[in-house]
Amino acid sequence: MREWDVYAAQLQNALLAIAGGLDSSADNYLGSEHSNLANLNNVSLPKANLS
């Protein structure tokens, strides 16, 4: 049973580390998306000349 507890603790630590990495990645992704949207809104295109 002791070996089981050791492996369970290692698994929990690994999953917590993965969850922390995903949280960090999500924050970075959200910040990038907000920045990209702000930059996209500042783009001005000339009117199309269809004649």
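Keep in mind that what you see is a predicted model, and the values were worked out from it rather than measured.
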Residue pair L45 / V43, side-chain heavy-atom distance below 4.5 Å
yes
Could you measure the distance from the OG atom of S32 to the CG atom of N39? Nearest 0.5 Å is fine.
10.5 Å
Pick out which of L22, N28, D27 makes a side-chain contact (heavy atoms from CB on, under 4.5 Å) with S24.
N28
Hey, what do you get for CD (E33) to CG (N36), rounding to the nearest 0.5 Å?
5.5 Å
What's the spacing between D23 CG and I18 CD1 if we round to 0.5 Å?
12.5 Å
Value for CG (L30) from OG (S25), rounded to nearest 0.5 Å, stands at 12.5 Å
